[in-house]
Amino acid sequence: MDEKKLDDLQGHEDNTRNGGHDTHDEHKEHHRRKKGQKPTIDDLKKEIHMDEHLIPLEELLTRLGTDPTSGLSSEEAIRRYQKDGRNAITPPPQTPEVIKFAKNMLGGFSILLWMGAILCFVAYGVQEASSRGGPLDNLFLGIVLVLVVVITGCFTYSQESKSARIMKSFLKLVPQRTYVMRNGKSKETRVERLVVGDIVDVKFGDRLPADIRVIKCSGFKVDNSSITGESEPQSRSPDSCHENPLESKNLAFYSTNAVEGTCIGVVIKTGDQTVMGRIAQLTGSIQEEKTTLAIEIDHFIMLISIFAVFIGIVFFVVAFLLGYKWLDAFIFLIGIIVANVPEGLLPTVTVCLTLTAQRMKAKNCLVRKLEAVETLGSTSVICSDKTGTLTENRMTVAHLWYEGTV
């Protein structure tokens, strides 16, 4: 009955997230874990302070209220689950797809084309309202401008949506199921159901389901490259060897890989409280800045708008002084402004960036935003950890010198 209740709690959260309230519920859960206090960026940048790896194992088990042989009871697991929430990292707030689509339609250079289209329709409407009729040039030009904006906006949104779907697929790298000791029996359960104090069984090939302290192990090694940058597998043991938790051999961290051996450990941190959770929160707190291309486009729009309006007003005044009717002078004003709108610039820039992004994708480089392509092209220096980032993390023989020959 208790396990069924835990399933119902998990199922309720899953149904709520699938119903489109993922961000809201995840943040409610995060605040529940933190008792209403969200860590600041300064807090996340500080060194990790914890003593779970330093104190004797018996003292830690007593603190966590668990038993190394029987684990937690189902009732206690449910109580802790309700208190701490799911063992999952809270995703950053997501921008609704409607807003993303609207930004592609109305943002940047598109707004200038929309203004040109509106002015074309106004000019056509003024001509029709004057009962004079006339050519349909303004109507056709307005329709063309609208089509240019809509087609390029949809194209850009489609390209960025593909990248976003690929990024979301990376979430599947998080471990899904693990073996945990409950009521003295080992059982397979979903990783999200783990709570602090659970006794888990990890073997080679698994991803760590939480931050754990090693109780006993046999030839256990983990890949900590995603956290510490160490390319070589790091051996784990029940004994503490370093005050820094990231260097201590008796700790294994959430989402890292077990590459050798087996291990039994006790969960000490879950979800956002894990080391990987802190890294995720710190990364998610970074404010997005405008790309170099976006800044240049905004500057260009301002210049071309001021120039077009100024020239249009000059022509309006000159035409009025030369004896033209105010309606004809107004048509001149609109024509001059629309003529200064470079209609072909937006599709040209979009196509060029898309082709470059496709070539980069072929080289396993994923571009989330098309504007970032130009920024990467203007980059002169990249500061990065070499291990596994700029290399393939493999050492192979390229040339062999033998008896004076290569």
Side-chain angles (χ1 to χ4, degrees), residues 2-18 22-23 25-35 38-39 44 48 50 52 60-61 63-66 71-92 170-183 186-203 206-215 222 226-227 245 251-258 263-284:
D2 293 328
E3 288 298 323
K4 185 177 184 300
K5 183 177 180 181
L6 189 58
D7 290 340
D8 292 340
L9 288 172
Q10 180 69 42
H12 174 70
E13 293 190 359
D14 291 341
N15 291 335
T16 305
R17 291 197 308 277
N18 293 334
D22 180 87
T23 302
D25 287 339
E26 293 284 3
H27 281 280
K28 284 178 62 179
E29 177 181 299
H30 173 68
H31 288 302
R32 181 169 67 248
R33 293 177 188 167
K34 298 295 292 180
K35 298 181 180 179
K38 187 176 182 178
L44 296 173
I48 300 175
M50 55 188 298
E52 284 86 350
L60 176 63
L61 294 173
R63 177 192 295 182
L64 299 178
T66 188
L72 297 174
S73 64
S74 298
E75 296 84 354
E76 180 63 18
I78 292 174
R79 187 188 68 81
R80 296 187 184 189
Y81 183 87
Q82 291 175 329
K83 175 185 176 183
D84 299 331
R86 296 169 63 248
N87 174 35
I89 296 176
T90 303
F170 292 160
L171 296 176
K172 297 179 181 179
L173 298 176
V174 177
Q176 299 298 318
R177 304 191 72 83
T178 188
Y179 285 93
V180 62
M181 188 69 67
R182 294 271 173 85
N183 299 320
S186 178
K187 59 172 295 183
E188 188 178 16
T189 186
R190 295 180 62 176
V191 168
E192 292 89 345
R193 298 173 183 169
L194 289 184
V195 296
V196 174
D198 267 331
I199 307 298
V200 295
D201 186 5
V202 183
K203 62 182 182 300
D206 293 343
R207 284 182 178 266
L208 272 295
D211 285 359
I212 67 172
R213 174 166 172 176
V214 177
I215 297 178
V222 295
S226 60
I227 294 180
L251 294 183
F253 302 107
Y254 177 59
S255 80
T256 58
N257 292 314
C263 166
I264 294 178
V266 57
V267 176
I268 59 175
K269 301 286 185 181
T270 60
D272 290 337
Q273 307 304 312
T274 62
V275 173
M276 186 59 71
R278 290 171 59 92
I279 295 175
Q281 292 179 71
L282 185 59
T283 304

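No hydrogens, no waters, no symmetry mates; every other heavy atom, side chains included, goes into these values.
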| request: Indicate yes or no: at least one non-hydrogen side-chain atom of V267 is less than 4.5 angstrom from one of V195. | output: no
| request: Drop me the distance from Y254's OH to L194's CG, to the nearest 0.5 angstrom. | output: 9.5 Å
| Roughly how far, to the nearest 0.5 Å, is CD of E188 from OG1 of T178? | 8.5 Å
| message | If I compare all heavy atoms of R193 with all of R182, which pair ends up nearest, and what's the gap? | response | O-NH2, 3.4 Å
| Can you find a heavy atom in the side chain of V196 that is under 4.5 Å from one in the side chain of Q273? | no
| said: Assess the residue pair I199 and V180 against the criterion (side-chain contact (heavy atoms from CB on, under 4.5 Å)); give the C-alpha distance rounded to whole Å, side-chain angles, the decisive distance to 0.1 Å, and a yes or no. | reply: CA-CA 6 Å; I199 307 298; V180 62; 5.8 Å; no
| field | Sub-4.5 Å side-chain heavy-atom contact between C263 and I212 | value | yes
| field | Student check: side-chain heavy atoms of D198 and M181 closer than 4.5 Å | value | no
| message | Can you tell me how far apart OG1 (T256) and CG (L251) are? Round to the nearest 0.5 Å. | response | 10.5 Å
| query | Do L60 and I268 come close enough that some side-chain heavy atom pair is under 4.5 Å? | reply | yes
| query | Does a side-chain heavy-atom distance below 4.5 Å link V202 with P209? | reply | yes
| task | Report the residues that fulfil side-chain hydrogen bond (donor to acceptor under 3.5 Å, both in side chains) with E76, sequence neighbours left out, ordered by chain and then residue number. | result | R79, R80
| remark: Interatomic distance, CG@N183 vs CD@E75, rounded to 0.5 Å, equals 6.5 Å
| request: May I ask you to decide if A258's main-chain N or O and D206's side chain share a donor-acceptor pair within less than 3.5 Å? | output: no
| query | Within a strict 4.5 Å, meaning less than it, do heavy atoms of the F253 and D211 side chains meet? | reply | yes
| query | When rounded to the nearest 0.5 angstrom, what distance separates NZ in K269 from CE in M50? | reply | 5.5 Å
| query | Under 3.5 Å, side chain of N87 to main-chain N/O of G271, donor-acceptor pair present? | reply | yes
| To the nearest 0.5 Å, how far apart are CG in N257 and CZ in R207? | 4.0 Å
